[in-house]
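A note on names: the letters A, B, ... follow the listed sequences, proteins ahead of strands, and every chain is numbered from 1. Everything numeric here is computed off the predicted structure, so don't read it as measured data.
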Amino acid sequence: MSFPVETVRHSLSHVMAEAVVKLYPGAKVAIGPAIDDGFYYDFDLPSPIQPDDLPAVEKEMRRIISANVPFKRVEVSKAEARDLFKDEPYKLELIDGLDDGTITVYEQGAFRDLCRGPHVDSTRDLRPDCFKLRAVAGAYWRGDEKRPMLTRIYAYAFASKAELEAHLKMLEEAEKRDNRKLGKELDLFSTHEEAGAGLVYWHPKGGRFRVELENWWRDEHYKNGYEILFTPHIGKSWLWETSGHLGFYKEGMYSPMEIDEDDYYIKPMNCPFHMMIYKNGVHSYRELPMRWAELGTVYRYERSGTLHGLMRVRGFTQDDAHIICTPEQIEDEIAEVLRFSLHMHKTLGFKDIKAYLATRPAGDGAVGAPEMWDKALESLRKAVDAQGLAYEMDEGGGAFYGPKIDLKVKDAIGREWQLTTIQFDFNEPERFDLTYVDADGQKKRPYMVHRALLGSIERFFGVYLEHTAGAFPIWLAPEQAVVIPVGPDFADYAAEVAAELKKAGLRASAMLSDERMNAKIRDAQKQKVPYMLVVGAKERDEGVVAVRVRDGRQLPAMPASEFVGMVRGLVEARSLEL
RNA sequence: GCCCUUGUAGCUCAGUUGGCAGAGCACAUCCAUGGUAAGGAUGAGGUCAUCGGUUCGAUUCCGAUCGAGGGCUCCA
């Protein structure tokens, strides 16, 4: 009989607990659920466990599995359960949190665990080659940093050996594409601990990518009815008190600096500044919708342990925009943002895109009348449907100020990344008292939506690096072509060709060092340069270039001018192919 | 911030069971007439993260500090 993979994972976690308790007498067990790619179990151990100790645990688990012991389900009363687990403080706490009535306990061999189940019938239903212990990590009891730190052992587990191996292979591939690794190898960016963690330095090649990306981003925004703003990096406490950030987002903001006896804060968000621009005048319904975008650099406090390459940083540039419109326009505006977002993602080469709709959080912390939330959510849902997007609901996952849609894209090795977020805001228009004059001459409150399509330029760069493994499409490649002379005799011709390409606006250079041609090709390949133009006697005499493509293809020899035309065509089309 | 791991040349990493430190790549100089993924030689480069302790002697052992990596939602 076969069981759902979650059941197998959960049963394996019990087997691991049995093994750990046996190998570490006195270990207290906490919880051990199935997770996306396996399972974990939290322990309070009498002595620390090291990664080196994991093989021994694995071995013991395999022994238990091969012993073919049944999983027995036992029903007990709360009092009985308390007695059974009298030596397990964490289990006792869990038992206290349960409703009165029947409690289930699962036993396999000598090991007994408080558990809702279900489980496999017997360890015979578990496969010794479908799991692998991954790592030990710290985790707070119940995720609460005020509670004790437990030792968590993570494991991968799948229904078949093939799936486990495929997963391990994906992880290996992910490691090769790690944005921090590629950032170094391709000389794109760096971070400097001595100068401040989580702050990104863009090198010349990263800068090329960014400039091309941002130019495209601005063009597309103008084409799609946006105006582009620039706003300050700091603002007086009045601004943040008005926006409410000092109330609900203070822990994400840096300490203020004093200027002329006033407190100024570095901005963690751009919206209050956009609100100020809106408030600068009286607005008619005829002006709406207003779509205001900004590549706005913000600084947010992230705890040191959470910083990670380009993916989580303390200073970053959001591709932010705020849309201010009438209630009647909101549905079309949301649909438009979604369409625009999909257009951007598809241009960048993401094909598999999924939406997540987050609704009103539970409790009374949320602002805005329930019917506003309902209307907003309805327009989000309609927009997603209109685009034919698959979506999932995230009940209660909205911010306190409004519901949202997040878009996640799937990358080349199957991982999902959240890029776009589209969020209603019922809070700030109220706080800043935004109004417009409607057709009937009455002042009314507009709707406001925040949106970021790429999220932040830094994070997007990280995601895109991992998606493309650094092999950027031609329009974003920091260096589009290199000219490689076969030998020193052809250096002049190579320089001439490179000059022609540069003059035509291509990002190109000649490799004129005294390395051998083979070494230059290898370097260019490693740098993921799209085109290598090899020139020797034949090419010089005929006035052509031999084109080697990054993927190993060899194009027919062509004059440099023809190569320029070809590249221009690909850039113009934002082609993903070379 | 907390738990585990970790910190040796610009990069990737050896190594020293305590006796003044090594390789490859990159860099510099020289040699090399070379056709699609590394030609050769020589050289320069490190207060072995920082501070303190133990010791005749510490990069190595111990402690602290700073940084980095993995984790801290997944509910019996």
If one requires at least 3 consecutive Watson-Crick or G-U pairs with distances under 3.5 Å, the stems of RNA chain B turn out to be B:1-7 with B:66-72, B:10-13 with B:22-25, B:27-31 with B:39-43, B:49-53 with B:61-65
Would the distance check show the side chain of [X] and the main-chain N or O of [Y] forming a donor-acceptor pair, the cut-off being under 3.5 Å?
| X | Y | result |
| --- | --- | --- |
| Glu107(A) | Val74(A) | no |
| Glu395(A) | Ala358(A) | no |
| Arg300(A) | Pro268(A) | yes |
| Asp125(A) | Ser122(A) | yes |

Round to the nearest Å and state the distance from [X] atom [atom1] to [N] atom [atom2].
| X | N | atom1 | atom2 | value |
| --- | --- | --- | --- | --- |
| Glu93(A) | C75(B) | CD | C1' | 12 Å |
| Arg312(A) | U73(B) | CZ | P | 12 Å |
| Asp42(A) | C2(B) | CG | C1' | 14 Å |
| Arg134(A) | C72(B) | CZ | C1' | 13 Å |
| Asp394(A) | C74(B) | CG | C1' | 13 Å |
| Leu186(A) | A26(B) | CG | P | 16 Å |

Taking the six-membered ring of Phe158(A) as reference, does the cationic atom of Arg9(A) (NZ for Lys, CZ for Arg) lie under 6.0 Å from its centre and within 45° of its axis?
yes
Does any N or O donor sit under 3.5 Å from an N or O acceptor when you compare the side chain of Tyr40(A) with the base of G71(B)? no
For residues 11-34 of chain A, the ring-ring contact (aromatic ring centres under 6.0 Å, His included) pairs (sequence neighbours left out) are His10(A)-His14(A), His14(A)-His119(A)
Say we look at [N] and [M]: how far apart would their [atom1] atoms be, to the nearest angstrom?
| N | M | atom1 | result |
| --- | --- | --- | --- |
| A41(B) | G24(B) | P | 10 Å |
| U47(B) | G7(B) | C1' | 16 Å |
| C2(B) | G15(B) | P | 32 Å |
| U60(B) | G22(B) | C1' | 15 Å |
| U8(B) | C61(B) | P | 15 Å |
| G46(B) | U59(B) | C1' | 11 Å |
| U12(B) | A26(B) | C1' | 11 Å |
| C74(B) | U55(B) | P | 49 Å |

Which of [range] sit near RNA chain B, with a heavy atom under 4.0 Å from it?
| range | value |
| --- | --- |
| residues 535-544 of chain A | Gly536(A), Ala537(A), Lys538(A), Glu539(A) |
| residues 4-29 of chain A | none |
| residues 510-521 of chain A | Asp514(A), Arg516(A), Met517(A), Asn518(A), Ala519(A), Ile521(A) |

Only counting residues at least two apart or in another chain, list the ones meeting ring-ring contact (aromatic ring centres under 6.0 Å, His included) with [X].
| X | answer |
| --- | --- |
| Phe563(A) | Tyr531(A) |
| Tyr154(A) | Tyr40(A) |
| Phe85(A) | none |

Counting heavy atoms from C-beta on, name the nucleotide in [options] closest to the side chain of [X].
| X | options | answer |
| --- | --- | --- |
| Asp489(A) | U33(B), C74(B), U36(B) | U33(B) |
| Arg522(A) | C74(B), U36(B), A38(B) | A38(B) |
| Tyr154(A) | U36(B), C72(B), C75(B) | C72(B) |
| Val486(A) | C75(B), U36(B), G34(B) | G34(B) |
| Tyr140(A) | C75(B), C2(B), G71(B) | C2(B) |

Show your reasoning for whether side-chain contact (heavy atoms from CB on, under 4.5 Å) applies to Lys526(A) and Glu185(A). CA-CA 8 Å; Lys526(A) 285 183 78 177; Glu185(A) 286 174 5; over 6 Å; no
Legend entry - Worked check of ring-ring contact (aromatic ring centres under 6.0 Å, His included) between Tyr41(A) and Phe39(A): CA-CA 7 Å; Tyr41(A) 211 110; Phe39(A) 60 91; 8.8 Å; no
Taking 4.0 angstrom as the limit, do Lys169(A) and Glu172(A) come out as a salt bridge? no
Run the side-chain donor-acceptor check on residues 27-38 of chain A: report pairs under 3.5 Å with partners two or more places apart or on a different chain.
from	atom 1	to	atom 2	distance (Å)
Lys28(A)	NZ	Asp87(A)	O	3.0
Asp37(A)	OD2	His167(A)	NE2	3.2

5' to 3', nucleotides 6-14 of chain B under a 4.0 Å protein heavy-atom cut-off (B base, S sugar-phosphate only, - none) gives -----SS--
What is the nucleic acid contact for [X], judged by heavy atoms within less than 4.0 Å: base, sugar-phosphate only, or nothing?
| X | value |
| --- | --- |
| Ala524(A) | nothing |
| Ile35(A) | base |
| Gln554(A) | base |
| Leu150(A) | nothing |

inquiry  = Checking Glu18(A) against Gln108(A): is there a side-chain donor and acceptor pair closer than 3.5 Å?
reply    = yes
Hits for salt bridge (charged side-chain N to carboxylate O under 4.0 Å, His left out) against Lys78(A), two or more places apart or cross-chain, chain-then-number order -> Asp100(A)
RNA chain B nearest-nucleotide lookup for Arg550(A) and Asp523(A): closer to the 5′ end is Asp523(A)
Listing, residues 409-417 of chain A side-chain donor-acceptor contacts under 3.5 Å, not counting sequence neighbours, or none:
from	atom 1	to	atom 2	distance (Å)
Asp411(A)	OD1	Ile413(A)	N	2.9
Asp411(A)	OD1	Gly414(A)	N	3.0
Asp411(A)	OD1	Arg415(A)	N	2.9
Asp411(A)	OD2	Arg415(A)	NE	3.0
Asp411(A)	OD2	Arg415(A)	NH2	2.9
Asp411(A)	OD2	Trp417(A)	NE1	2.9
Arg415(A)	NH1	Glu466(A)	OE1	3.0
Arg415(A)	NH2	Glu466(A)	OE1	3.2
Glu416(A)	OE1	Tyr356(A)	OH	3.1

Can you find a side chain N or O atom of Arg180(A) that sits less than 4.0 Å from OP1 or OP2 on G70(B)? yes
Hey, what's the ring geometry for Phe472(A) with Tyr464(A), parallel, tilted or perpendicular (30° and 60° as the breaks)? parallel
- Message: In terms of relative ring orientation, are Tyr249(A) and His245(A) parallel, tilted or perpendicular, with 30° and 60° separating the classes?
- Response: perpendicular
